[in-house]
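Each chain gets a letter, A, B and so on, in the order the sequences are listed, and its residues count up from 1. Heavy-atom basis, side chains included; hydrogens, waters and symmetry copies ignored.
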There are 2 protein chains.
Amino acid sequence: MKKIPLATIQRLLVYYRHLNIIAEGDEEVISSSKLGEAVGVPSTQLRKDLSYFGEFGCKGVGYNINDLKECLAKILTLNKNRDLVLIGAGNLGRALVNFPGFRKMGINIVEVFDNDLDNIGNIIGELTVKNIKDLERIIVDRGIKTAILTTPREGVQSLVDRLVKVGIKAIWNFAPVPLKLPDDVVVYYEDLSSSIVTLMYLLYNT
Amino acid sequence: MKKIPLATIQRLLVYYRHLNIIAEGDEEVISSSKLGEAVGVPSTQLRKDLSYFGEFGCKGVGYNINDLKECLAKILTLNKNRDLVLIGAGNLGRALVNFPGFRKMGINIVEVFDNDLDNIGNIIGELTVKNIKDLERIIVDRGIKTAILTTPREGVQSLVDRLVKVGIKAIWNFAPVPLKLPDDVVVYYEDLSSSIVTLMYLLYNT
DNA sequence: TAGATTGTTAATCGATTAACAATC
DNA sequence: TAGATTGTTAATCGATTAACAATC
C-alpha cells in the first residue's frame with residue numbers, strides 16, 4: 001500500500017463531520033465539489049484522499065452521503081471503543097476528560113492520574129484522580145495502550161519511559177518536550193504555545 | 001522575501017525553548033547539529049530555517065546561545081505584549097486562560113466572554129467572565145485584534161462574522177468548523193478531535 | 001594550518017493540483 | 001445520447017535533505 005499522508009487522515013475527519021451534519025438533510029448524494037467547497041478543500045484533493053482507501057463514489061452521480069459517512073467511520077475506526085489514560089489533572093487535563101465529542105468517536109478516557117496530593121482523590125467528570133504511583137499496575141491490569149500527557153514539562157521524559165515499559169504504544173503529548181521513544185510507539189505533539197505564537201507571527205507578518 | 005514555510009515558524013519556537021533551557025548552563029555556543037539533535041530536527045533543516053531570517057552563526061564555531069535566543073524571540077515577537085480575548089468560558093477556555101507560559105511569551109488573555117448566564121460573572125484566574133453582548137463594545141474600546149474561540153460548534157460562523165466586523169484580524173479556532181473569512185484575517189485551526197483520531201489511526205495502522 | 005561548522009545551492013522527496021479517460 | 005462526476009495518471013509545487021564552498 002502506498003504511504004498515506006498524515007494530512008489526508010486529518011481531512012477524513014473533516015469530511016466525516018460535514019457528512020454527519022448533512023446526513024440529517026434531504027439529500028442522499030453529494031459531489032466531491034460540493035463537499036469540498038463546504039469544508040474548504042479542492043474537490044480533486046478530496047477524491048485523491050478517498051482514493052487511498054478505495055472507490056466510494058459513483059461516476060456521474062457523486063457519493064451516497066450515508067455510505068461515505070460509514071466508510072469514513074470505519075477507516076478511522078470511530079465505531080470501536082478505545083480506552084485511554086490521562087496523566088496530569090490540571091486545568092487542561094480536566095478539560096480533555098470533559099471534552100464533548102470524544103465519547104462519540106470511541107475515545108474513552110478511563111483513568112486520570114496525578115502526583116499532587118491536592119489533586120489525587122478529586123472527581124473529574126465520572127472519574128476519581130488516582131495516585132501516579134499506581135500507574136503501572138492499572139495500565140497493565142486494564143491493558144491500556146494510549147496515554148494523554150497534560151503534565152508540566154519537568155519529568156515528562158522519565159514518565160514516558162515508565163509508560164513505554166508497561167506497553168503504552170501511543171502518546172498524545174501536550175508538554176512542549178521532544179520525546180525519545182522506541183520506533184514502535186507513535187506520538188502526536190500538541191503544542192498550544194506554538195500554535196498561538198505562529199498565529200501571532202502570521203498576524204504581524206502577512 | 002521568499003515565502004517562509006509555516007513548519008519553519010513552528011520549529012523556531014522549539015529551538016527557542018531549548019536555547020532557553022541550555023542558556024542556564026555553562027556553554028556559550030552550540031552547533032546546529034547539537035541543537036538539532038536535542039530537539040529532533042536535522043541540522044541542515046535547522047540552518048535552513050534560520051537562513052530565512054538572516055545569518056546568526058559563526059562558521060567553524062556555531063551559534064552563541066544567548067544571541068540566537070534573543071534573535072528568535074525578536075523574530076517571533078515574544079517580547080511584545082499582545083492582548084487577546086477568549087470566547088467560551090467552558091473547561092477548555094478556563095484551561096487556556098490559566099495556561100502557564102502564555103504570559104511569558106507576551107500572550108495576554110485580557111477578556112473572557114460567554115453567552116451562558118451560569119458562566120457570566122464567574123471568576124477565571126484574574127478575569128471576570130463577561131456577557132457576550134458586550135463583545136463588540138469592549139473589543140473596539142481596547143483595540144483588540146485577536147480572538148480565541150472555545151465555544152461549541154453551533155453559531156461559530158455568526159460569532160466570527162461579528163468579530164470580523166469590529167476589526168479582529170486573527171482567530172485561534174478550537175471549534176471544529178471551517179470558517180468563512182475575509183483574506184486579511186488569519187486563522188489557526190486547533191482540532192483536538194482530529195489529533196486524537198489521527199493518533200488512534202496511526203496506532204492501529206502502522 | 002587543519003578541523004569544524006556555517007550558509008546556500010542543487011537534488012530529492014512528497015504532497016497538491018490539473019487534466020482527462022471511464023462511465024453512470 | 002449528452003451532461004455530470006468519478007478515479008487516476010501526469011504535472012506542478014513546495015518542503016526537506018544532501019553536498020559543498022566559504023571561513024572561523
Chemist: Mark yes or no: B:Arg82 above the aromatic ring of A:Tyr204, with NZ or CZ under 6.0 Å from the six-membered ring centre and no more than 45 degrees from the axis.
Modeler: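 Yes, a cation-pi geometry.
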Chemist: Write down the distance between CZ (A:Phe56) and P (C:dC24), rounded to a whole number of angstrom.
Modeler: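 So the two atoms are 17 Å apart, to the nearest Å.
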Chemist: Does a donor on one side chain sit under 3.5 Å from an acceptor on the other, for B:Asn20 and B:Lys69?
Modeler: yes
Chemist: Please figure out whether B:Gly60 or A:Leu50 has its closest DNA chain D nucleotide nearer the 5' end.
Modeler: A:Leu50
Chemist: In whole Å, I'd like the distance from the CZ atom of A:Arg47 to the P atom of C:dA18.
Modeler: 11 Å
Chemist: Between D:dG7, C:dC24, D:dT6, which nucleotide gets closest to the side-chain atoms of A:Cys58?
Modeler: C:dC24
Chemist: Within this structure, what is the NZ-to-P distance between B:Lys59 and D:dA19, rounded to whole angstrom?
Modeler: 19 Å
Chemist: Can you check the B:Glu55 CD to C:dT5 P distance for me, whole Å?
Modeler: 18 Å
Chemist: Between the side chains of B:Glu70 and B:Asn66, is a donor N or O closer than 3.5 angstrom to an acceptor N or O?
Modeler: no
Chemist: Pick the closest DNA chain C nucleotide for B:Lys48 and for B:Ser31 by heavy atoms, then say which residue is nearer the 5' end.
Modeler: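 Whichever sits nearer the 5' end wins; that is B:Ser31.
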Chemist: Write down the distance between CG (B:Leu35) and P (C:dG7), rounded to a whole number of angstrom.
Modeler: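 Rounding to the nearest Å, CG of B:Leu35 and P of C:dG7 are 13 Å apart.
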Chemist: Rounded to whole angstrom units, what separation is found between the CD1 atom of A:Ile4 and the C1' atom of C:dC13?
Modeler: 18 Å
Chemist: In whole Å, what is the span from the NZ atom of B:Lys3 to the C1' atom of D:dG14?
Modeler: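 So the two atoms are 9 Å apart, to the nearest Å.
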Chemist: Would you say the side-chain atoms of B:Asn173 pair up with the backbone N or O of B:Val177, donor to acceptor, closer than 3.5 Å?
Modeler: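 Yes; at least one donor-acceptor contact below 3.5 Å.
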Chemist: Determine which nucleotide pairs with C:dT9, using a 3.5 Å limit on both distances of a Watson-Crick or G-U wobble pair.
Modeler: D:dA18
Chemist: With sugar-phosphate meaning primed atoms plus P, OP1 and OP2, does A:Thr8 contact a base, only sugar-phosphate, or nothing at under 4.0 Å between heavy atoms?
Modeler: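 Since no nucleic acid heavy atom lies under 4.0 Å of A:Thr8, the category is nothing.
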Chemist: Does D:dT17 have OP1 or OP2 under 4.0 Å away from a side-chain N or O of B:Thr44?
Modeler: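 So the side-chain polar atoms of B:Thr44 never come under 4.0 Å of the phosphate oxygens OP1 or OP2 of D:dT17.
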Chemist: Any side-chain N or O of A:Tyr63 less than 4.0 Å from the OP1 or OP2 oxygen of D:dG7?
Modeler: yes
Chemist: Counting Watson-Crick and G-U wobble pairs only, both distances under 3.5 Å, name the nucleotide matched with C:dG3, or none.
Modeler: D:dC24
Chemist: I need the CD-C1' distance between A:Gln45 and D:dT8, as an integer number of Å.
Modeler: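 To the nearest whole Å, that distance equals 15 Å.
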Chemist: Given side chains that start at C-beta, do those of B:Leu72 and B:Leu50 come closer than 4.5 Å, heavy atoms only?
Modeler: yes
